[in-house]
Amino acid sequence: MTLGEPHIHHESVDSTNALAKQLAEEGATHGTTVTADEQTAGRGRQGRQWIAPPGESLLMSVIVRPMVPRLQLAPLAAGLAVADVCEELAGVQPKVKWPNDVLIDGRKVAGILLEARPDPELERSWMVIGIGLNTSLDVDALPEELRERAVSLNLPPETDVLGPLLERLEERLSADPEETIAAWRTRDALHGRDVEWQDGSGLARGIDDEGNLLVLSCGGGIRTLRAGEVHLKPA
Ligand code: BTN
């Protein structure tokens, strides 16, 4: 599984994920990687925008085809790969917030958007893994609402982040499910914390063997969250 070839770079593009998806639809091969210095319509999870000042973060999307067999673990594996590379290049100890935000001291250093085209015939399926990693972001220059929540690796601008990241992604995507789950549990940012989601709240109790988030709900039962997003409950 070699990721990063061919590599298509744009100074400016609407969204590396949108372009990678279009290329995948048109038959681009496994490993095709799109990067950009700037995105004019960067996409986040849950239909949000992803805002990143030009040249201060790694903006990349890679095509994986066929899609990995256990799709639900792919976001967790991608989060682990990003955490690995942060540790390797910046000496930090990131945590992951289910399903795949990467945090340093509770602040977000990277966001991951995974978009998949499943197909009953596995060979025809693909997924695009899009990663925005704050490599040398000037956090103080961000809009106020983002400033409190973002953090940067503060790497020298010439640092090769893409190469090591793609290597870590390859390793994590091809790992055994048990290994992914065990590694993810060691970085779990939410375990034992009060969380809330669209229609509930409770105490996060880690992930199950399928990668779902387990939450001890206020009523006493365990809820299994399979998708969506949770937030730490304000103190
Ligand atoms: C999130 O909401 O946390 C996910 C953000 C993902 C952003 C990255 S930046 C590169 C790629 N292209 C996009 O349009 N989005 C992803």
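For ligands, and for the atoms within them, numbers begin at 1 and follow the listed sequence.
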Visitor: Of the options Asn17, Leu23, Val13, which is the one that meets Val34 in a side-chain contact (heavy atoms from CB on, under 4.5 Å)?
Guide: Leu23
Visitor: Let me know which of Asp176, Asp208, Leu73 forms a side-chain contact (heavy atoms from CB on, under 4.5 Å) with Ile181.
Guide: Leu73
Visitor: At a 4.0 angstrom heavy-atom cut-off, what protein residues surround ligand 1?
Guide: Ser15, Thr16, Asn17, Gln39, Gly42, Arg43, Gly44, Arg45, Arg48, Trp50, Leu59, Met60, Ser61, Asp101, Lys108, Gly111, Ile112, Leu113, Gly130, Ile131, Gly132
Visitor: Does any donor atom in the side chain of Thr2 or Glu170 lie under 3.5 Å from an acceptor atom in the other side chain?
Guide: no
Visitor: Tell me whether Arg65 is salt-bridged to Asp119, with the criterion being a basic N under 4.0 Å from an acidic carboxylate O.
Guide: no
Visitor: Would you kindly say whether His7 and Thr33 are connected by a side-chain donor-acceptor distance under 3.5 Å?
Guide: no
Visitor: Does the pair Arg147/Asp140 count as a salt bridge with the N-to-O cut at 4.0 Å?
Guide: no
